[in-house]
There are 2 protein chains.
Amino acid sequence: MPRAGLTAAAVTEAAAALVDEVGFDQLGMGLVAERLGVKTPSLYKHVTGQTDLAHRIAILAMNQCADAIRDATQGRAGTEALARGAQAMRTFVKAHPGRYAAANAARPTGPDDPLIDALNRVVDSWAAMLHGYRIDPDQQIHALRMLRTVLHGFASLEVAGGFQFATDIDDSFTWMIDFIDHGLQETTATPTTSALSPAGPHRA
Amino acid sequence: MPRAGLTAAAVTEAAAALVDEVGFDQLGMGLVAERLGVKTPSLYKHVTGQTDLAHRIAILAMNQCADAIRDATQGRAGTEALARGAQAMRTFVKAHPGRYAAANAARPTGPDDPLIDALNRVVDSWAAMLHGYRIDPDQQIHALRMLRTVLHGFASLEVAGGFQFATDIDDSFTWMIDFIDHGLQETTATPTTSALSPAGPHRA
DNA sequence: AAGTACTGGCTAATTTGATTAGCTTTAGAC
DNA sequence: GTCTAAAGCTAATCAAATTAGCCAGTACTT
């Protein structure tokens with residue numbers, strides 16, 4: 001009987017494809033093994049267990065997501081980079097809902113977890129997109145967190161089927177990104193006082 | 001041997017308290033039973049199983065969240081309602097991370113699932129908050145989705161420990177809400193052309 | 001080409017946790 | 001006081017992950 005010739009990476013790929021189809025919460029060693037034409041215990045020669053496998057899917061997902069964003073924003077800046085980066089992110093998540101869910105569920109195991117590097121690659125891409133906006137350095141961190149919040153929030157809600165009417169969702173997304181874009185431009189252009197805090201964040 | 005006097009609601013409450021402490025992914029019938037001073041199989045007299053229990057936690061969570069937002073925004077409008085409602089939401093999620101996670105994981109079982117009502121109560125609150133902004137009816141849906149996106153995204157990232165530096169997170173949140181508030185005011189005030197689409201969403 | 005060590009995959013056994021079956025006794029109605 | 005429906009219990013069942021230990025295929029040496 002010939003061998004399957006598996007490897008940790010191959011198992012991870014198969015599992016990632018699986019969760020994209022059946023949902024992350026349906027991940028099981030049995031299903032992965034079946035898909036690879038192998039018996040369940042064989043998987044343990046390549047991954048230490050289901051937890052490890054989920055963690056590997058998360059790393060794969062974040063790196064692929066980072067690649068997609070990088071490719072989409074290469075050589076662009078400001079508004080255009082934001083629009084393309086955001087679209088790339090959303091497209092990736094819609095195409096790979098299961099591995100995105102895995103990425104959200106994963107927790108770094110330590111300070112040198114490759115998952116952290118992968119996450120940082122994504123965040124760095126967004127930080128780069130913001131450079132085109134000449135934002136006050138003090139506000140960079142807040143703008144970056146808002147970007148993460150918005151992109152993660154939208155992807156997360158959409159994947160979870162959180163939006164009632166499937167129609168118009170594309171419109172809502174571009175509307176939202178446009179809203180952010182306008183606001184970011186005003187952040188530097190128009191000193192304003194805030195109604196929420198005495199000296200609002202929109203000051204230049 | 002006296003009875004524990006349990007009920008479906010009591011089991012749900014105990015389970016909700018449990019997941020807030022140990023995390024939603026640690027939910028288990030054994031832990032819930034132990035906390036109630038009862039043997040595991042006894043729980044099945046009140047809930048049909050773990051899936052049902054998680055679903056009940058989700059409904060409880062959404063209703064409590066809706067209550068919190070309603071109480072915080074009663075009689076307020078516009079900027080103030082937005083600021084208070086958003087803070088109420090965030091406060092609730094930080095106090096009850098486990099049940100919020102349960103709410104995110106839950107899927108409605110049918111068209112008349114109480115979970116849908118609970119979700120709608122939250123969304124309605126936000127829609128009410130937006131009324132203070134005199135937004136073009138065509139854009140209401142987009143603004144509402146943005147609000148959901150932002151509030152859910154932030155809560156979700158924060159609960160997951162997604163923000164690296166714990167300091168400044170309060171500042172980031174108010175900054176972000178302030179950013180949204182300014183943008184929403186401009187949405188009606190300043191007709192603008194969009195860089196992303198020929199006729200942008202910021203038109204009046 | 002044969003020998004050999006390593007490694008991948010298998011079967012069988014173990015463990016953990018959810019769920020079900022069936023019994024016993026309480027709490028409330030009459 | 002008795003009677004009935006339901007609450008809680010113990011014991012049994014089921015499903016899925018994981019572990020133990022065996023055997024064969026691969027690759028490397030000579």
Side-chain angles (χ1 to χ4, degrees), chain A residues 1-60 98-99 101-107 109 115, chain B residues 1-60 98-99 101-103 105-107 109:
Chain A
M1 42 206 86
R3 285 193 180 173
L6 293 186
T7 148
V11 173
T12 306
E13 297 274 4
L18 174 71
V19 295
D20 281 340
E21 288 171 23
V22 304
F24 177 61
D25 50 353
Q26 293 303 309
L27 176 61
M29 301 303 270
L31 288 177
V32 176
E34 184 182 22
R35 169 170 295 236
L36 288 165
V38 129
K39 302 294 181 180
T40 305
S42 305
L43 299 177
Y44 290 80
K45 287 287 157 77
H46 306 286
V47 298
T48 73
Q50 186 165 286
T51 308
D52 177 41
L53 179 56
H55 190 254
R56 286 167 187 271
I57 297 172
I59 294 169
L60 175 67
R99 64 192 82 186
N104 288 340
R107 292 291 140 261
T109 59
L115 178 62
Chain B
M1 43 208 89
R3 284 195 184 174
L6 292 186
T7 149
V11 173
T12 305
E13 297 274 4
L18 173 71
V19 295
D20 281 341
E21 289 171 23
V22 304
F24 177 61
D25 50 352
Q26 294 303 307
L27 175 61
M29 301 303 270
L31 288 176
V32 176
E34 183 182 24
R35 168 171 295 237
L36 288 165
V38 130
K39 302 294 181 181
T40 305
S42 305
L43 299 177
Y44 289 81
K45 287 287 155 84
H46 307 285
V47 298
T48 74
Q50 186 166 280
T51 307
D52 178 42
L53 179 55
H55 190 253
R56 286 167 186 272
I57 297 172
I59 294 168
L60 174 68
R99 64 191 83 184
R107 293 290 138 261
T109 60

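Chain letters run A, B, ... following the sequence lines, proteins first and then strands; every chain starts at 1.
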Euclidean distance, atom [atom1] of residue [X] to atom [atom2] of [N] [Å, nearest integer]:
| X | N | atom1 | atom2 | answer |
| --- | --- | --- | --- | --- |
| A/M29 | D/dT18 | CE | P | 6 Å |
| A/K45 | D/dC23 | NZ | P | 14 Å |
| A/L53 | D/dA17 | CG | P | 10 Å |
| B/E34 | C/dG17 | CD | P | 11 Å |
| A/L27 | D/dA15 | CG | C1' | 16 Å |
| A/D52 | D/dA17 | CG | P | 14 Å |

- Message: So, taking the atom named CD in A/E34 and the one named NZ in A/K39, what distance separates them when rounded to the nearest 0.5 Å?
- Response: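 Rounded to the nearest 0.5 Å, the CD-NZ separation comes to 9.5 Å.
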
Within the structure provided, determine whether [X] and [Y] are in side-chain contact (heavy-atom separation under 4.5 Å).
| X | Y | value |
| --- | --- | --- |
| B/H46 | B/R56 | no |
| A/L6 | A/K45 | no |
| B/L27 | B/I57 | yes |

- Query: DNA chain D: A/Q50 or B/L6, which has the more 5' nearest nucleotide?
  - Reply: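 With A/Q50 and B/L6 compared, the 5'-side residue is B/L6.
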
- Taking N and O atoms by type only, does the side chain of A/K39 place a donor or acceptor under 3.5 Å from a partner on the base of C/dG9?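 No pair found.
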
- Side-chain-base donor-acceptor pair under 3.5 Å for A/R3 and D/dT26: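 Flag unset: no donor-acceptor pair detected.
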
- Should B/H46 be listed as having a side-chain N or O under 4.0 Å from OP1 or OP2 of D/dG8?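 Answer is yes, contact under 4.0 Å.
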
- Does a side-chain N or O from B/S42 land closer than 4.0 Å to OP1 or OP2 of D/dC9, or not?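 B/S42 to D/dC9 OP1/OP2: side-chain N or O found under 4.0 Å.
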
- Message: Counting only side-chain heavy atoms from C-beta out, which of C/dT20, C/dA18, D/dG8 sits nearest to B/V38?
- Response: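 Side chain of B/V38 sits closest to D/dG8.
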
- Item | Proximal nucleotide (of D/dT19, C/dG9, C/dA18) relative to the B/Y44 side chain |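 Nearest to the side chain of B/Y44 among the choices is C/dA18.
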
